[in-house]
Amino acid sequence: MLVVRELEVMYQGVIAAVRGVSLEVPEQSVVALLGANGAGKSTILRAISGLLRGQGGRITHGAVEYDGQPITTFDAARIVRLGIAQVLEGRRLFGALTVEDNLRAGAFAARDNAATRRAYGRVMELFPVLRDRRKSMAGYLSGGEQQMLAIGRALMASPKLLLLDEPSLGLAPVMVQHIGKIISEISAGGTAVLLVEQNAQMALTHATHGYVLETGQVVLDQPAADLLRDESVRTFYLGLHEEGGRANFATLRQRRPERRWAL
Amino acid sequence: MTTFIQLVFSGLALGCDYALIALGFTIIFKASEVINFAQGEFLLVGTFVVSVAMFTWRLGFFPALVIGIGVTSLIGVLFERVVLRRMIGRPPFNIIMVTIGLDVLLLTGVIILVGGRNPSSPVPFDTLSGFSIGGVEFGANAIASIVVTALVCLGLYIFLRYTRYGLAMRATAIDQEAARAMGIKISTVYALAWGISGAIATIGGIFLAAGAGNPSFDVTLGQSALVAFPAIILGGLDSIPGAVVGGIAIGLIYVLTQGYESGGFLGANFHLIAPYLVMILVLMIRPHGLFGTRKVERV
C-alpha cells in the first residue's frame, strides 16, 4: 500500500535527517518505526504526509508511493484526500476548540457528509469517553483523552493509512496499553498504521513488522516478533539484557548500539 | 444630561467604525500573526472606489458598496496570492514590512487618482439627515453604522462558528501544522482572511469618512485607522469580540473626552491622546488585552 524508496531528507539544505530509508506498509498491517530521539522517525512521517515543506525540510532523493502512485511532490491537502492521515507528535489538538469542533476539523478533507457521519460513529465506538466530553474544550481533557481525541480527529478523514507519531508520549502505563489495543482495533477495521514509538515494547507487541532507525538509516528490518526477541533490541530499546534483568547504565555505555550497527 | 446622551450616541457610532477597522486587523492577525499595516489604506481604497461608483458612475449606494467591497477583497486576495504565499514560513516581522510596502503603494495609487480634489463621502443617507428626540440628534448615517456593525459581527460569528471554512480558520489560528495535517490549505485560509478583512475595511471606511457629517474626505482617511490600534490592543490582538468591545470603548472615550475637555485644566485636544492612555493602563493590568487568549493547556 505504502512504499518508501531510498528516501533522503535534508533540512535547510544541509542537515541530512533521513539518509536512504526504504520501508513498506502493507494493507491493514501495523508497522512500527523505532529509534532514539533524532533518528529521523518524525521526519519520515512528515515526508510521507507532505508536511515537510512547512518545516524547512525537502526530499532530496527517493520516492514515496501510495497504491502504486508516486506522491512525493503532492501537497499535504491532496495526500489527506488520498487517504493518509497523520497524528502529530505531542497530540497538537486545537486546545481552545471543543472536542466536537476538533473532530469536525479532522473531517475537513472528507468527501461527503455520509462518510463523515460514518467516521464519527466509528470514532465514538473506539473512544466512548469522547462522547461525554464532546462539548468540553480539548485543552482541558486529560492526557489520555487528548491522545484519543488526536487519533479520533485523524480518523475523521476516514484514512486508509494512519501515521501515528509517539501516541504513548507522556501517558500512564495503563493508558499506553489501552492505546496499544486501540491501534490493533484500528488496523483490524481496515486502516493500516505506521507507528512511530519510543516505547518499543508497546509498539512491537501490536505491530506486524518493525524497522529500527538510527541517525537517519534503517539498521534492522524484521517481523515484530523477531525484533522482540532480538538481543540488542531487548537491551537498547526494552531495557532488558540477556538474563532478563534490567541493563545498568555502565553496560549500556559499553555497548553503544552505534558501534554494533555502524555501517 | 442631553449632552451626555448625545455624546454617548456619537461615541457609540464612532466606536462602531473603529470596531469594524479593528476587526479587519484582528482577522488577519488571528489567521497569520501578521499585523497588516496596510489596513488603513484598504479603508481609503474601498471608500474611494465606493465614492467614484456613486458620484462619477452615478450608481446607487448598494451597488457601489458591492463594487468597493469587491475591489478591496480582490486586492487582499491578490496580495496573498502574489506576495504572501511566497512568504509562508518566514518570520512575521518580514511579512509586516511587506504590508508597509503595500500601504505606500495603495496610498500613492489613490493620491494619483484623486488628484487635488477631495472625493465626496459615500454614505447611504444624506449626511445631515436624521431626527432628534429631546434635543439629542440621531444622525441617520450614525444609526446605519451601528446597525451595519451589528450585522457584520453577526455574519462573522455565524461564518466562524458554523461553516467549514470558518472552522478551518479557527483551527489554523491555533496550530498551523495540525491544520495542514487535516488537509486544510493555509493559503486558502490566508486568502479568506485578507478578503474578509478588505471587505470589512470598506464598510468601516465609508462610515468613518462621513463621520460627524463630513461631506467629503481626503487621503489621510487611512491614517485615522491608526486609532484602531489602541482598540485592538485594548481588546486583545487575537480576539474578535475584543476588537468590537475595544473599538466601541475607544470611540466612547474619544468622544466623551472631546465633549467635556473644553476649558478643563488638561486643555483642548486631550481627546487625541486619551485612547492611548487607556491602552497603556489596560496593558499594565492585563498585558494580553481584555479578551486576548492565554493558551489553554493542560500540563
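The figures that follow rest on heavy atoms only: side chains count, while hydrogens, waters and symmetry mates do not. Treat the numbers as computed from the prediction; the structure is a model and nothing was measured. Residue numbering restarts at 1 for every chain, and letters A, B, ... go by the order of the sequence lines.
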Of B:Arg180, B:Arg170, B:Gln176, the largest count of non-hydrogen pairs under 4.5 angstrom with chain A goes to B:Arg180
Atom CZ of A:Arg5 with >12 non-hydrogen neighbours under 6.0 angstrom = no
B:Arg164 charged N/C atom sitting above A:Phe108 aromatic ring, 6.0 Å / 45° = yes
Only one of A:Leu164, A:Val31, A:Leu45, A:Val87 clears side chain to side chain contact (heavy atoms under 4.5 Å, CB included) with A:Val196; which?
-> A:Leu45
Measure from the ring center of B:Phe229 to the ring center of B:Tyr276 and say whether it is less than 6.0 Å.
-> no
Residue that, paired with A:Leu93, satisfies side chain to side chain contact (heavy atoms under 4.5 Å, CB included) out of A:Arg153, A:Met137, A:Gln147 | A:Arg153
Contact class of A:Arg92 relative to chain B, heavy atoms under 4.5 angstrom | both
Polar contact flag, side-chain donor to acceptor under 3.5 angstrom, B:Gln39-B:Asp103 = no
B:Phe79 ring centre to B:Arg85 NZ or CZ under 6.0 Å, with the angle to the axis within 45°?
-> no
Out of A:Leu23, A:Val18, A:Ile44, which one pairs with A:Leu213 under the side chain to side chain contact (heavy atoms under 4.5 Å, CB included) rule?
-> A:Ile44
Within residues 65-76 of chain A, residues adjacent to chain B where the heavy-atom gap is under 4.5 Å = A:Asp75, A:Ala76
Exercise: do A:Glu197 and A:Ser168 side chains pair donor with acceptor under 3.5 Å | yes
Anything in residues 181-198 of chain B with a heavy-atom distance to chain A below 4.5 Å? Please list those residues in order.
-> B:Ala181, B:Met182, B:Gly183, B:Ile184, B:Lys185
What one should report as the nearest heavy-atom pair of A:Leu103 and A:Met156 is O-CG, 3.4 Å
A:Lys135/A:Asp101 salt bridge by N-O under 4.0 Å criterion = no
Look at B:Glu177 together with A:Arg46 and state whether they make a salt bridge at an N to O cut-off of under 4.0 Å.
-> yes
Proximity breakdown for A:Ala85 and chain B, heavy-atom pairs closer than 4.5 Å | neither
Could you look at A:Leu88 and say if it's the side chain, the backbone, both or neither that has a heavy atom under 4.5 Å from chain B?
-> side chain
Highest number of heavy-atom pairs under 4.5 Å with chain B among A:Leu51, A:Leu97, A:Val80 belongs to A:Leu51
